[in-house]
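Structure first, commentary second.
Read the numbers this way: they start at 1 and go in the same order the structure lists the ligands and their atoms. Since we're looking at a predicted model, the values are computed, not measured.
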Amino acid sequence: MLDRRRFLTLLVAAGGALSVPLRPARAAASGLTGDFEQGGMIVGRTEPGARVWLDGAPIRVSPEGLYVFGFGRDQGASAALKIELPGREPQTETLAIVQREYRIQRIDGLPGDKVTPPDDAAERIARDNRLIAEARSHDTAEIWFASGIDWPVTGRITGVYGSQRILNGEPRRPHFGVDIARGEGEPIRAPQKAIVRMAEADLYFTGGTTILDHGGGITTSYLHQSRLDVKVGDTVEKGAVIGAIGKTGRATGPHLCWRLNWFQERLDPQLAAPPMPG
Ligand SMILES: [Zn+2]
């Protein structure tokens with residue numbers, strides 16, 4: 001992942017071009033902190049009472065002036081951030097977004113039933129997808145996201161964000177999480193304070209699945225769990241055990257598939273979290 005450690009240019013539309021060298025993984029400019037690249041989560045700090053839009057869509061700003069947004073896997077090379085301070089003319093910044101290269105794996109000659117789920121699963125998958133989209137739709141006023149997102153479990157990373165398989169020439173859905181290998185039954189901890197938005201024991205693809213809401217549209221997801229320790233509507237503190245590692249759903253061995261979302265955009269949890277403790 002060293003290839004994303006490079007310089008980028010932040011263009012400020014009002015006031016000319018300004019080059020900001022970014023240190024690996026974290027950057028602060030114009031009150032913004034985070035990774036200006038595909039999959040990055042950005043926390044903004046502005047004045048109380050300010051209004052903010054990303055590419056024309058309004059973003060909730062807390063009474064303290066905090067807000068958050070993120071860039072999806074296939075985000076284009078720029079995004080427009082408009083900020084209107086109280087009693088001032090709105091200013092628009094063009095943010096330059098680093099374009100990443102993802103791991104692509106081609107596998108040909110597979111039997112058909114390994115490539116496509118059976119027809120009778122379609123209804124269940126559609127229901128699961130509706131529940132997941134709903135769980136990620138909340139624009140909660142809490143600002144827990146601003147205190148950082150920590151690792152829910154530590155272990156060997158066996159899968160990364162954005163990678164994609166092409167089976168028999170058909171591109172599959174990219175992998176949106178980070179896979180962390182740990183033994184069955186090992187505890188999973190809330191990476192930050194949250195409200196539980198999903199606690200489902202048996203989704204078709206992802207088995208035991210929990211979704212935590214950290215405010216501002218930021219959610220984290222926990223897949224393939226052997227045990228769920230929370231229920232929808234619970235508030236959990238940072239570090240609380242929310243469930244246990246498993247291999248439920250379509251998983252080949254026990255691991256946590258951990259995901260980070262900004263509403264329906266999938267972000268890269270590995271960018272938002274600090275380096276994994278050794
Ligand atoms: Zn995964």
Quick check: does H175 put an N/O/S atom under 2.8 Å from the Zn ion (ligand 1)?
yes
Would you check if the Zn ion (ligand 1) lies under 2.8 Å from any N, O or S atom of H224?
no
With the threshold set at 4.0 Å, does a side-chain nitrogen-carboxylate oxygen contact exist between R136 and D213?
no
E170/R172 ion pair, N-O < 4.0 Å
yes
R124 with D202: basic N within carboxylate O range, under 4.0 Å
yes
Quick check: of its N, O or S atoms, which one does D179 have closest to the Zn ion (ligand 1)?
OD1
Can D128 and R130 be counted as an ion pair, charged N to O under 4.0 angstrom?
no
